[in-house]
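Atoms considered below: every heavy atom in the structure, side chains included; atoms not considered: hydrogens, waters and symmetry mates.
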Amino acid sequence: MQPLVAPAPALDPEELVRTARHAVLAGIGEEGQRRLSAAHVAIIGAGGLGSPALLALAAAGVGSITVIDDDVVELTNLQRQLAHRVEDIGTRKTESAARAITALAPQTIVTQVPERLDATNAERLLTGADVVVDTSDSFLTRRDVATAAEALDLPLVWGAVQEWHAQVTVFWSAPPQGEPVVLADLFPPGTEGEPPSCAQVGVLGALCVQVGGMLAGEVIKLVTGAGEPLLGRLALIDALSSRQHEIAIRAASSAATEVRA
């Protein structure tokens, strides 16, 4: 049977990269693209927030990306891990993300690090990066990443989603400006192991796309100098009501109470 509408011809790889990059880099210019192509970004976490952030950075033309994650692709998380495919279930997230990045931006060099980052290896794993993106879901990991970024004098872009809730909390830290500040764990006590409903996974997936793109945008600002990065700010976003407000990081102690409420 003949289709009612002829399928659109597939874009060749060069056109696919050009089209994706144009959408991300509007207004950055040739110098910004040159800086991006020379930048090395280390990202902790290849699922959840990390997945859309990875895709956006690859589309922007970041020269090299180190993906640090010791987990595997799981069916229950697939809806919010955009870089991964059903056939990747059971494989390492770093390997799955590398395939997606290579298909989208063949010029981007991807280094896979299937290792859990902690206080013993954080500085080693982050050495050589120009910007660090932390999308981990562990408070201990976030603390170790912030400490290592401070020691290495690296700008850090940090983000987390409060599971099963519409509120998203994104935190950016500028290590060179002072001691690293890490908020208390964002996950409500007793909810870490609860399986989400389909509706919750759908909402969470949408939030991950939104916040992952925001994290990538902050990295692009840092690398290119286009726009003012939100370093040293805490952004509280209610996606369902489309409301957002920011708090200076120096007021993080009071903000943490609000986040946990």
| query | Side chain of N121, backbone of R116: donor and acceptor closer than 3.5 Å? | reply | yes
query: Is there side-chain contact between K93 and D69, with heavy atoms separated by less than 4.5 Å?
result: yes
Practice item. State plainly whether one hydrophobic cluster holds both L36 and L215, where clusters connect Ile, Leu, Val, Met, Phe, Trp and Tyr through side-chain heavy atoms under 4.5 angstrom apart. Key: yes
Exactly one of T135, L54, I43 clears side chain to side chain contact (heavy atoms under 4.5 Å, CB included) with L49, and that residue is T135
query: Should H40 and T66 be marked as a side chain to side chain donor-acceptor pair (under 3.5 Å) after you check the CA-CA gap, both sets of side-chain angles, and the distance that decides it?
result: CA-CA 8 Å; H40 178 190; T66 296; 2.8 Å; yes
inquiry  = Please determine whether residues V110 and V72 belong to a single hydrophobic cluster, defined as Ile, Leu, Val, Met, Phe, Trp and Tyr linked transitively by side-chain heavy-atom distances below 4.5 Å.
reply    = no
Heavy-atom neighbours of E87 CD exceed 12 at 6.0 Å:
yes
Report yes if some heavy atom in the side chain of V133 is under 4.5 Å from a heavy atom in the side chain of V219; otherwise report no. yes
**Q.** Polar side-chain atom of T147 near backbone of R143 as donor-acceptor pair, under 3.5 Å
**A.** yes
Assess the residue pair D130 and L154 against the criterion (side-chain contact (heavy atoms from CB on, under 4.5 Å)); give the C-alpha distance rounded to whole Å, side-chain angles, the decisive distance to 0.1 Å, and a yes or no. CA-CA 7 Å; D130 298 309; L154 289 174; 5.8 Å; no
Heavy-atom donor-acceptor pair, T108 side chain to V62 backbone, under 3.5 Å: yes
- Query: Does the distance from a Lys or Arg side-chain N to an Asp or Glu carboxylate O, for D134 and R142, drop under 4.0 Å?
  - Reply: no
TODO: Could you check E30 against R34 for salt bridge (charged side-chain N to carboxylate O under 4.0 Å, His left out), going step by step and ending with a plain yes or no?
DONE: CA-CA 6 Å; E30 292 184 3; R34 185 194 66 77; over 6 Å; no
- Message: With a 3.5 Å distance limit and no angle check, can you tell me whether D144 reaches the backbone of D118 through a side-chain donor-acceptor pair?
- Response: no
For A151 and E123 the tightest heavy-atom approach is CB-OE2, 3.5 Å
Taking A83's backbone N and O only, do any of them form a donor-acceptor pair with S51's side chain (distance below 3.5 Å, no angle check)? yes
Tightest non-hydrogen contact, residues G48 and Q81, listed as N-CG, 3.6 Å
Between R92 and D70 (side chain of the first, backbone of the second, donor and acceptor by atom type, cut-off under 3.5 Å), is there such a pair? yes
Is a salt bridge present between R124 and E115, judged by a nitrogen-to-oxygen distance below 4.0 Å? yes
Output for pair (L125 CG, L117 CG), nearest 0.5 Å, gives 5.0 Å
Quiz item: Would you say L55 and V209 are hydrophobically clustered, going by side-chain heavy atoms of ILVMFWY under 4.5 Å?
Solution: yes
### Pair R99 + E95, salt bridge at N-O below 4.0 Å
yes
Margin query: Before you tell me yes or no, could you show the steps for V73 and L78 under side-chain contact (heavy atoms from CB on, under 4.5 Å), namely the whole-Å CA-CA distance, both residues' side-chain angles and the distance that decides it to 0.1 Å?
Written below: CA-CA 7 Å; V73 179; L78 200 58; 3.8 Å; yes
Note: S96 and H84 closest approach over all heavy atoms is OG-ND1, 2.7 Å
